[in-house]
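Please read all numbers here as calculations on a predicted model, not as lab measurements.
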Amino acid sequence: MENELPTIEELQDQAVAAVEPVEKRGSSLPVILTMASVLIWFAFQTLQLVLERNNLAVLKANFDSAMQESQKMQSQLQSLVSKTVELAQQGNPAAKTAIEELEKRGFPIKRAAPQPAK
């Protein structure tokens, strides 16, 4: 019979080849590639964050000058309104009309305490 299994004696008669240890060099390659890709990803993200931080610092510097200008304009406007309030309190009809219109439009007006008549 051709499909018979070999007997034990036949198996013992065959020379057993020495088994050599097989090195597994390929098994560390995926780990190395994964670690390298993670390192590259972190480096890329860090670089992007540094660039965005620098861009935000430049934008903030640009807005600071605009903010200073707006504060300067606001103080000038407040000074103009306070002088107009003084004129209105002295009886100027145009100043009274201007103050009334500003109040109608919701502009905050700080009125000075009326000065006592002498």
Quiz prompt | CD1-CD distance between Ile109 and Glu100, expressed to the nearest 0.5 angstrom | solution = 10.0 Å
Quiz item: Between CG of Leu29 and CG of Leu33, what distance do you get to the nearest 0.5 Å?
Solution: 4.5 Å
Quiz prompt | Distance, nearest 0.5 Å, that separates CG of Asp64 from CG of Leu59 | solution = 11.0 Å
Quiz item: Any side-chain heavy atom of Leu77 sitting closer than 4.5 Å to one from Phe107?
Solution: yes
Practice problem: Output yes when Lys104 and Glu101 qualify as a salt bridge under the 4.0 Å nitrogen-oxygen rule, no when they do not. | Solution: yes
Quiz item: Given a cutoff of under 4.5 Å between side-chain heavy atoms of I, L, V, M, F, W and Y, with clusters grown through shared members, what are the other residues clustered with Val38?
Solution: Trp41, Phe42, Phe44
Quiz item: If you look at every heavy atom in Ala95 and Thr84, which pair is closest and at what distance?
Solution: CB-O, 3.6 Å
Self-check item: Taking every non-hydrogen atom, the tightest pair across Val81 and Ile99
Solution: O-CD1, 4.4 Å
Quick one: side chains of residues 67-75, donor-acceptor pairs under 3.5 Å with protein atoms, not counting sequence neighbours, listed by atom name and distance.
from	atom 1	to	atom 2	distance (Å)
Ser70	OG	Met67	O	2.8
Ser75	OG	Gln71	O	3.4
Ser75	OG	Lys72	O	2.8

Quiz item: Rounded to the nearest 0.5 Å, how far apart are OG1 of Thr46 and CG of Leu51?
Solution: 11.0 Å
